[in-house]
Amino acid sequence: MDAAPTTATTTPGPTQSTYQTRVAEYWNAEENPVNLELGKIDDLYHHHYGVGDVDWSVLDDDPEPARRRDRVTAELHRLEQAQAELLARHLGPLSPTDRVFDAGCGRGGGSVVAHLRYGCHADGVTISRKQAEFANEQARKRDIDDKVRYHHRNMLDTGFRSGAYAASWNNESTMYVELELLFAEHARLLRRGGRYVTITGCYNDTYGRASREVSLINAHYICDIHPRSEYFRAMARNRLVPVRVVDLTAATVPYWELRKQADHLVTGIEDTFLSAYANGSFQYLMIVADRV
């Protein structure tokens, strides 16, 4: 296997199935304000949701509508940043000499958060060439591109060196791949005793099959949400032992309630998420596991 790269890579492109090609095309074309406008606040671009209590005063009337919109945007970004920090806290302890792997890195915010917290090296992987190029430009602007690099690769087959990473994660990207293949790659990349973390939406097995709401979310994002139980089965088959499981469903509902009222950022999927959380068919989990 190749060693973990010392420079960012965007060519050649990753090997992809027809479905993965569709996903790559989706994210290459994506210019959603709920991702871009929030990231412009501090150049931390995330592709996930948020957790925590909302400051509802941001919805107070303001004689300047643009100022109210800015307050709402900033509050949503604060909540998504809180989610990124929550994940990063569970990666450690890490040192500046350690290397971490961000699977499905999007526009790169999570890798930056981990680097700023621990000083570690980070390799982010995305199937979208456009995202990798954008994220690398952000790292150059921050002058951290010697330690934080993004690669146009398939997270199921990275080509990185086995055992090279002290920690790895997926932040709302597991629904685009087969869990068995994904966790096999994480287990290969992590050193013994390394830490894996995922924050993800999953459907509740006790509800039965995927609900109508889950099916609508799948169609909206061109993804395939997995049942909760499959995470634990696939981890067990790939030497990843959960050490902490946190149900973040109640913690993420306020984010969605605020986003529903952000007219300039709504995507039309907000009510579906809220209904799925309310009826119990969908859950938002953080799973922390050690590689044994």
Side-chain angles (χ1 to χ4, degrees), residues 14 16-39 45-51 76 79-80 83 103-107 125-131 154-156 170-183 198-231 233-234 247-249 252-287:
Q16 298 173 184
S17 66
T18 301
Y19 166 70
Q20 290 169 334
T21 298
R22 286 186 62 212
V23 172
E25 290 172 349
Y26 174 89
W27 289 111
N28 282 333
E30 185 268 338
E31 295 285 345
N32 199 314
V34 78
N35 292 321
L36 293 173
E37 293 304 314
L38 274 61
Y45 292 84
H46 299 295
H47 281 274
H48 55 73
Y49 312 127
V51 296
L76 286 169
L79 295 170
E80 68 172 2
Q83 199 253 56
C105 63
R107 288 186 171 94
V125 164
T126 171
I127 205 166
S128 164
R129 181 186 300 277
K130 185 176 180 181
Q131 287 184 341
N154 189 330
M155 62 179 163
L156 301 181
N170 287 90
N171 201 344
E172 291 183 21
S173 54
T174 56
M175 63 287 298
Y176 288 102
V177 294
E178 294 180 42
L179 293 182
E180 188 75 30
L181 298 177
L182 175 68
F183 293 153
T198 184
I199 294 181
T200 187
C202 56
Y203 76 78
N204 185 351
D205 301 71
T206 62
Y207 185 89
R209 297 179 65 85
S211 66
R212 175 179 177 274
E213 289 87 355
V214 169
S215 296
L216 289 171
I217 294 169
N218 280 337
H220 184 85
Y221 290 109
I222 319 178
C223 64
D224 186 13
I225 294 167
H226 304 291
R228 180 181 59 193
S229 61
E230 182 56 26
Y231 282 87
R233 284 197 297 264
D247 187 344
L248 296 173
T249 305
T252 197
V253 166
Y255 164 89
W256 286 98
E257 291 175 335
L258 177 61
R259 182 167 143 179
K260 179 181 175 181
Q261 299 185 65
D263 294 341
H264 60 303
L265 297 174
V266 294
T267 65
I269 200 65
E270 288 77 15
D271 280 332
T272 303
F273 270 85
L274 288 168
S275 295
Y277 289 140
N279 67 29
S281 66
F282 191 50
Q283 292 178 300
Y284 200 49
L285 294 187
M286 178 175 70
I287 306 171

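For the numbers below, each heavy atom of this structure counts, side chains included, while hydrogens, waters and symmetry mates do not.
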task: Report yes or no: does Ser173 contribute a side-chain atom to a donor-acceptor pair with the main-chain N or O of Ala103 at less than 3.5 Å?
output: yes
- prompt: What's the verdict on side chain to side chain contact (heavy atoms under 4.5 Å, CB included) for Tyr176 and Ile127, showing C-alpha distance, side-chain angles and the deciding distance?
  reply: CA-CA 11 Å; Tyr176 288 102; Ile127 205 166; over 6 Å; no
query: Has Gln261 got more than 12 heavy atoms of other residues, nucleotides or ligands less than 6.0 Å from its CD?
result: yes
message: Does anything in residues 265-278 form a salt bridge (charged side-chain N to carboxylate O under 4.0 Å, His left out)? List the pairs, not counting sequence neighbours.
response: Arg259-Glu270, Lys260-Asp271
task: State the NE2-CD distance between His47 and Glu172, to the nearest 0.5 angstrom.
output: 11.0 Å
field: Donor-acceptor contact below 3.5 Å, side chain Thr252 vs main chain Gly50
entry: yes
task: State the CD1-CD1 distance between Ile217 and Ile222, to the nearest 0.5 angstrom.
output: 14.5 Å
- prompt: Backbone N or O of Tyr277 within a donor-acceptor pair of the Ser281 side chain at under 3.5 Å?
  reply: no
- prompt: Is the closest side-chain heavy-atom distance between Thr200 and His226 below 4.5 Å?
  reply: no
query: Would you say Asn170's side chain and Thr198's backbone share a donor-acceptor pair under 3.5 angstrom?
result: no
task: Return yes if some donor-acceptor pair links the side-chain N/O of Tyr203 with the main-chain N/O of Ser215 below 3.5 Å, else return no.
output: no
query: Just checking, any donor-acceptor pair under 3.5 angstrom between side chains of Gln83 and Tyr284?
result: yes
